[in-house]
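Residue numbers begin at 1 in each chain, while the letters A, B, ... track the order of the sequences. Just so we're clear, the structure is a prediction, and the values are computed from it rather than from any experiment.
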Protein chains: 2
Amino acid sequence: MTQEVRMVKRVTLTDVARLAGLSPSAASMILNGRPDTRLSRDAHDRVLAAAAELGYRPNVAARALRTSTSHTIGFVSDLVATTRFASGLIKGALGAAEAAGHVVLVAETGGEPEREAEAVSALLDRQVDGVIFASMRAREILVPPIPSSVRAVMLNATSETHVCSVLPDEETGGQRAIELLRDAGIHDDILLLGYDADAERDLFRSATVAARVRGIYDTMAREGMSFSREESIWLWEPDHGHDVTARVLASGPPPRAIVCLNDRLAFGASQALGEAGLRVPDDVALVSFDNDELAAYLRPGLTTIGLPHEAMGRRAVELLLAPDGPPPGEHLVEMPVVIRASLP
Amino acid sequence: MTQEVRMVKRVTLTDVARLAGLSPSAASMILNGRPDTRLSRDAHDRVLAAAAELGYRPNVAARALRTSTSHTIGFVSDLVATTRFASGLIKGALGAAEAAGHVVLVAETGGEPEREAEAVSALLDRQVDGVIFASMRAREILVPPIPSSVRAVMLNATSETHVCSVLPDEETGGQRAIELLRDAGIHDDILLLGYDADAERDLFRSATVAARVRGIYDTMAREGMSFSREESIWLWEPDHGHDVTARVLASGPPPRAIVCLNDRLAFGASQALGEAGLRVPDDVALVSFDNDELAAYLRPGLTTIGLPHEAMGRRAVELLLAPDGPPPGEHLVEMPVVIRASLP
DNA sequence: CTGTTAGCGCCTTCAT
DNA sequence: ATGAAGGCGCTAACAG
C-alpha cells in the first residue's frame, strides 16, 4: 500500500494532469467520464493511472462552487433521540447514500419552525443536492420554502408543498395482523386496544394510524370476524396498556386475543396478563404493531407488524437521487410481519 | 417578512457590497468581524443593513475553497441503528454543533475498516473542520490516519493515535449504585449479576465495564458490604438475566437485592422474580446500569445509573471546537443516578 | 482608512 | 483530439 497520509498538501487535479502529461481539463473530462468528448485510449489510461498513483480525490468544495452540487444530501428530522425509530430511518438513509457516493448532513429541529428554517438554510448554504424531511410520527408537516432547484422528499410524513413522500403501508399492515389471528383460528372474542377516534384527529398523532385501523376493520369484516370489546387509549404507553388491560380482566372473563395498536401497549398488556396469572399465547394471544425493540425482549416474544424504518430511509434517498428527480406520489413501504411466540 | 424565496439566484457578497456602495472585500471584512482593519462605523452599518435586507448567506463551498474550513464536523460511528445509545450521542453532538453554528455529517461504518477509511475520506473531501469517532460500546478503536491539521476526538472510545476522548465516568457510576444500596439499608445478601472476567478481556465488550466493576467492588469494600453471590453472564440480554436469576431463585432463598450490570439483565431478572412470586422492591431490590428505555417501562420502574450519552455527544463537539483544539486526555462525563421504584 | 487584485480547485466553453 | 481561458464566491494580501 502506498496509501500514506499527505499532510503537506492535497493532491489536485493539476497534479494528476501534470503526471499524465495532459492539461487539467483533459484530466477532468476523463475522470468524470464525459462520454461525448473522446480522448485517446492512451490518455485515458495515463490519467487513471496517475490519479490512482497519487491517490487523487476531487475537492468537493471546489466542485460544489463550480457545479453547485456537492454529493451531499440533507436529512432534517423533528426528533432524533426521543424515538428509536429515528435511527432506523437515518441508518437506511445513510446506507443508500453511501451506496450512491453521497454523504448525509443530519439536522434536528425538535419540530420548531425557526430551528427548521435555520437548519434548511444551513444545508442550502452547503449546496446539498436534496433534502429529506423526516418526521418521527407520520404526519403532515410544514416545510420551509426551498428553491425549486433543490430536490425534496418527505419521509414518514406528507406535505402540501412537496409531493414525494415515503410512508409505511399501514393498511396492508393492519390486514396482516388480522390474517395472523385468522390463521391461528381465532375469529372472535378479541379485544382491540388503543384505537381512539378523537386522538386520531390530533395532528401530533401519526396520520397513518387511520390506515392501520382501516386495514384492521376491513379485514375483520371481510373475514367475518369481530371484536368483542374495544378500549380506546389516548397515550400509547406501557402504563396505560397495563391499566386498561387489568381493568378489562377484572371485569369478566379474559378475551381470547388482544390486538394492540403498538408494542408499548402490548408490553403493558402482557404485564397485566402475567399478574392475572394468564399465559401468552395459550390463554390469551397477542398481536401488535411497530416491532419495537421491546417486542423481542418480552417473554414470550411478541408477534408484531413492524414499521420498516430502515427500508423507508433507504427508499427516501433512492427516490431523492432518482435520475429525473423524486417521482411524485405516496410511496408505500411494506410492513414486515415479525413472527414470534405470542400467537398460537 | 420580506423572507421570500429567491430561486433565481442566491444573493452573493458582491450584491451586498454593491448595495452598500462598497467593495466585496470591505463587505467581507465587516461581515466576518475582522477587528484589526477598522472600517468606518457608517460602512459597517451600511453593509449589515444591506446583508439583512437581501437576506445574504455566505456560500459555504466558496468559503471552504478559500479558507479550507467548512463549519461542518464529521461524526463517524460504527453503528447507528443497532443500539439506541447511538442516537443519544448523535443528538448531543447535533445540539452542540448547532449552538456553535456548525452542521454535522454523519457516517456509519459498521466497524469495517474499509468503510471507515472511505467515510473519513469522504468527510475530508468536504473539508470538515474536525471529526468525531464514536463507538457504541466504549472501547479502543483504530482510526484511519488523518492529516494532523484535522481535529479529532474519540467519543465513547479511546485510540492510541488520537488522545482526546470522552467517556462515561463508570467508576463513580459503580460507586453510586452501591451507595444507593447502602442508603436503602441493604448491606449484605446481595447478588451481582453479569460480571464476567473473561468477557471483560473481549475487545468487543465495552472497555469501561472494568471501571464500572472496580467502582462497585471498591465501594462495597469501603462500606463493609459484600456480595453473597456473583453470577457471571457473557451476553447481557434479557433472556440470560431471566434464566440465571431463575436458577438462583430455585437453588435457595432469594437475595435481598440484585445488582445487574445492565438494564437488559435487570429486565430479565425482574421477570424471573415475578414468576417466582417475589415482589420488587419489598422482597428483592434491584439496581442496574444504563437507563435504557426499558428501565422506565418496567413495573415498578427500575432505579439505574444512566449512561449520559447526550451529554457525552455534546461534550465531544465542545472539545472538538475548543479554541486551541481538543485538549488531550480522557474526559469523563458523570453518570446520572435515575431513581425509580426498584429500591426501597 | 478604503479598494483592488489575485487565486483557492474545479469544470465548461471555446479555439485550436 | 486536445489545450487555454474564464469564472463559480469568497477572502487575504496588497496598493492607494
Side-chain angles (χ1 to χ4, degrees), chain A residues 6 8-47 50-51 54-72 121 124-127 129 147 149, chain B residues 6 8-47 50-51 54-72 121 124-127 129 147 149:
Chain A
R6 280 156 228 285
V8 192
K9 191 164 182 328
R10 259 183 91 100
V11 6
T12 155
L13 184 59
T14 313
D15 299 332
V16 174
R18 183 164 37 229
L19 180 57
L22 286 176
S23 74
S25 34
S28 168
M29 311 188 122
I30 290 171
L31 289 173
N32 293 326
R34 289 226 156 289
D36 49 320
T37 167
R38 296 188 311 171
L39 293 252
S40 72
R41 247 272 133 275
D42 183 58
H44 255 81
D45 298 344
R46 292 209 313 275
V47 168
L54 298 177
Y56 170 69
R57 294 210 130 231
N59 177 323
V60 176
R63 177 181 286 173
L65 185 56
R66 189 63 237 259
T67 64
S68 47
T69 155
S70 56
H71 279 214
T72 301
S121 295
L124 260 25
D125 291 347
R126 286 163 180 81
Q127 319 264 36
D129 297 344
S149 60
Chain B
R6 279 156 227 284
V8 190
K9 191 167 182 324
R10 259 183 91 99
V11 8
T12 155
L13 183 59
T14 312
D15 300 331
V16 173
R18 185 167 32 231
L19 180 57
L22 285 176
S23 74
S25 34
S28 168
M29 312 192 121
I30 289 171
L31 289 173
N32 292 326
R34 289 226 158 286
D36 50 322
T37 167
R38 296 187 311 171
L39 291 254
S40 73
R41 249 272 138 271
D42 183 58
H44 255 81
D45 298 344
R46 291 208 313 276
V47 168
L54 299 176
Y56 170 71
R57 295 209 128 233
N59 177 325
V60 177
R63 178 181 285 173
L65 184 57
R66 191 66 237 254
T67 63
S68 47
T69 154
S70 56
H71 280 220
T72 300
S121 295
L124 259 26
D125 290 347
R126 286 162 181 82
Q127 320 263 38
D129 297 343
S149 61

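Heavy atoms of B:Leu65 sit under 4.0 angstrom from at least one base atom. Among the heavy atoms of the strands, none lies under 4.0 Å from A:Pro24.
The shortest distance between the side-chain N/O atoms of A:Tyr56 and the OP1/OP2 oxygens of C:dC10 is below 4.0 Å. A:Arg63 has a side-chain polar atom (N or O) that falls below the 4.0 Å cut-off from OP1 or OP2 of C:dC11. Regarding contacts with the backbone of C:dC11, a side-chain N or O of A:Asn32 is found under 4.0 angstrom from either OP1 or OP2.
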Give each protein N/O atom lying under 3.5 Å from an N/O atom of nucleotides 5-7 of chain D, with the pair distance.
from  : atom 1 : to      : atom 2 : distance (Å)
D:dG6 : N2     : A:Arg66 : NH1    : 2.7
D:dG7 : N2     : A:Arg66 : NH1    : 3.3

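Residue B:Met29 contributes atom CE, which lies 9 Å from atom C1' of D:dA13 at whole-angstrom precision. Taking atom CZ of B:Arg126 as the reference point, atom P of C:dG9 lies 17 Å away to the nearest angstrom. If you measure from atom CG of A:Asp45 to atom P of D:dA1, you get 16 Å, rounded to the nearest angstrom. Per the geometry, CD1 belonging to A:Ile30 stands 15 Å off P belonging to C:dT12, to the nearest Å. Distance CD (A:Gln127) to P (D:dG9): 9 Å, rounded to an integer number of Å. Regarding A:Arg18, its CZ atom lies at a distance of 16 Å from the C1' atom of D:dG3, rounded to whole Å. For the pair A:Leu22 CG and C:dC11 C1', the computed distance is 16 Å after rounding to whole Å. Note: CG (B:Asp42) to P (C:dG3) measures 11 Å, nearest angstrom.
Between the side chain of A:Asp45 and the backbone N or O of A:Asp42 there is no donor-acceptor pair closer than 3.5 Å.
Here the closest non-hydrogen pair linking B:Asp129 and B:Ser70 is OD1-N, 2.9 Å. In terms of heavy atoms, B:Leu13 sits closest to B:Pro24 at CD2-O, 3.6 Å. Shortest non-hydrogen contact noted between B:Tyr56 and B:Thr12 is CE1-C, 3.6 Å.
Counting only heavy atoms from C-beta outward, the side chains of B:Arg10 and A:Asp125 approach each other to under 4.5 Å. Proximity of B:Thr67 to B:Gln127: side-chain heavy atoms (C-beta onward) are nowhere separated by under 4.5 Å. Proximity of B:Val16 to B:Val47: side-chain heavy atoms (C-beta onward) are separated by under 4.5 Å at one or more points. When side chains are defined from C-beta on, A:Leu124 does not count as touching B:Arg57, because their heavy atoms never get closer than 4.5 Å.
Toward the 5' end of DNA chain C, the nearer of the two residues A:Ala61 and B:Ser23, judged by each one's closest nucleotide, is B:Ser23. Toward the 5' end of DNA chain C, the nearer of the two residues B:Thr67 and B:Gly21, judged by each one's closest nucleotide, is B:Gly21.
In the set C:dC11, C:dG9, C:dT12, C:dG9 carries the atom at the smallest distance from any side-chain atom of A:Ala62.
Side-chain polar atoms of B:Ser23 and B:Ser25 form a donor-acceptor pair below 3.5 angstrom. Judged purely by distance below 3.5 Å, without hydrogens or angles, the side chains of A:Arg126 and B:Thr72 pair a donor atom with an acceptor atom.
In the helix from C:dC1-D:dG16 to C:dT16-D:dA1, the terminal helix axes, each the rotation mapping four pairs' C1' atoms onto the next four within five end pairs, subtend 50°, rounded to 10°.
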